[in-house]
Undergrad: 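Here it is, the structure, as structure tokens.
Residue numbers start at 1 and run along the sequence shown. Hydrogens, waters and symmetry mates are skipped; everything else that's a heavy atom, side chains included, is used. If you're wondering where the values come from, they're calculated on a predicted model, not measured in any experiment.
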Amino acid sequence: MPSLSRLLAGLVSLAVLGYAEMQIIKAGGNGDHDLEFHPDSITAAVGSQVQFEWYPMNHSLASSTYDNVCEPDGKIFSGYFDPASGTMDKQTFVINITSTEPIWYYCTQEYYTHCQNGMVGVINPPTSGPQTLAAYKAASAAAKKIGDLPAAVGGVVVDATSSAMAPSASQSAMSSAAASGLVLPWQGLALCAIAIFVLPQQ
């Protein structure tokens, strides 16, 4: 029969494996007329998640192909989020990263033509070649229209206060450490402490 310390070690391993890295992208946030994603380019590992937080003005997220900026490819659309001035929306949009292929995206809001004004971004940008965020953004300025979809797809809407998927403001500061594998859920840390300092070696 396995010892209690071994059982706890197994639980710690499950906690580590079950923890999905979360990176946060803010739509707006630098004043009520900010037409940028922050950051607008990130690298996200397969199995991780990206959470979009929404700030004024009314913003959204839709994926596109590189060659058809400001036009949805039908894979990801968040719907619209319109928080009050100076606040963050109570809901976020979370997508799961299932591939290292680039995800080019833009804000579909036609009012103030957000996409044409450079509100675009990329997840997992190419490491070489002509397809760059700068070129994608330049192409957005020449787009003749902005497209969206009738309903959200490719992700889930999650309450900003949800501890299951959406980290709090203090947890957000830990995202870079999580990317390096240095941050564990508090449950995992507690089990580690018990296994190492409390239980006798068997």
Undergrad: Grab the two heavy atoms, one from Met57 and one from Tyr111, that are nearest each other, plus how far apart they are.
TA: CE-CD2, 4.0 Å
Undergrad: Give the minimum heavy-atom separation between Ala44 and Ile123, together with the two atoms involved.
TA: CB-CG2, 4.0 Å
Undergrad: Same hydrophobic cluster for Ile97 and Trp104, using side-chain heavy-atom links shorter than 4.5 Å among ILVMFWY?
TA: no
Undergrad: Could you work out the complete set of other residues in the hydrophobic cluster of Met88, with links drawn between I, L, V, M, F, W and Y side chains under 4.5 Å apart?
TA: Tyr55
Undergrad: Could you work out, with side-chain contact (heavy atoms from CB on, under 4.5 Å) as the rule, every residue matching Thr100, not counting sequence neighbours?
TA: Val46
Undergrad: Kindly say whether Glu110 contributes a backbone atom to a donor-acceptor pair with the side chain of Thr113 at under 3.5 angstrom?
TA: no
Undergrad: Please enumerate all residues that pass side-chain contact (heavy atoms from CB on, under 4.5 Å) together with Asp32, with sequence neighbours excluded.
TA: Pro56, Ser85
Undergrad: Apply side-chain contact (heavy atoms from CB on, under 4.5 Å) to Leu35 and list each qualifying residue two or more places apart in sequence or on a separate chain.
TA: His59, His114, Asn117, Met119
Undergrad: Look at the side chain of Gln23 and the backbone N and O of Thr43, then say whether any donor-acceptor pair between them is shorter than 3.5 Å.
TA: yes
Undergrad: Got Ser41 and Val122 here, is their nearest side-chain heavy-atom distance under 4.5 Å?
TA: yes
Undergrad: Would you please name every residue forming a side-chain contact (heavy atoms from CB on, under 4.5 Å) with Lys75, sequence neighbours left out?
TA: Ser63, Asp73
Undergrad: With a 3.5 Å cut-off and sequence neighbours excluded, list the donor-acceptor pairs that the side chains of residues 136-148 form with protein atoms.
TA:
from	atom 1	to	atom 2	distance (Å)
Tyr136	OH	Ser64	OG	2.6
Lys137	NZ	Asp40	OD2	3.4
Ser140	OG	Cys115	O	3.1
Ser140	OG	Lys137	O	2.5
Asp148	OD2	Tyr80	OH	2.6

Undergrad: Quick one: ring-ring contact (aromatic ring centres under 6.0 Å, His included) partners of Tyr105, sequence neighbours excluded?
TA: Phe37, Phe52
Undergrad: Taking all heavy atoms of Pro39 and all of Ile24, pick out the closest pair and write down the distance.
TA: CD-O, 3.7 Å
Undergrad: With sequence neighbours excluded, what pairs up with Phe81 under the ring-ring contact (aromatic ring centres under 6.0 Å, His included) test?
TA: Trp54
Undergrad: For a side chain to side chain contact (heavy atoms under 4.5 Å, CB included) check, start with the C-alpha distance between Asn124 and Ile103, then their side-chain angles and the critical distance, and finish with the verdict.
TA: CA-CA 7 Å; Asn124 292 329; Ile103 300 175; 5.8 Å; no
Undergrad: With Asn68, which residues qualify under side-chain hydrogen bond (donor to acceptor under 3.5 Å, both in side chains), at least two apart?
TA: Thr65
Undergrad: Check whether Thr132 reaches the backbone of Ala135 with its side chain - one donor and one acceptor, N or O, closer than 3.5 Å.
TA: yes
Undergrad: Going by the disulfide bond (SG atoms under 2.5 Å apart) test, which pairs reach into residues 116-158, not counting sequence neighbours?
TA: none
Undergrad: Should Val50 and Val158 be counted in the same cluster of Ile, Leu, Val, Met, Phe, Trp and Tyr side chains packed under 4.5 Å apart?
TA: no
Undergrad: Can you list the residues that meet the side-chain hydrogen bond (donor to acceptor under 3.5 Å, both in side chains) rule with Gln109, with sequence neighbours excluded?
TA: Asn58
Undergrad: Could you pull out the closest heavy-atom pair between Ser60 and Thr108, with the gap in Å?
TA: OG-OG1, 2.6 Å
Undergrad: Can you list every disulfide bond (SG atoms under 2.5 Å apart) pair that touches residues 124-155, not counting sequence neighbours?
TA: none
Undergrad: Would you indicate whether the side-chain heavy atoms of Ile42 and Ile25 approach each other to under 4.5 Å?
TA: yes
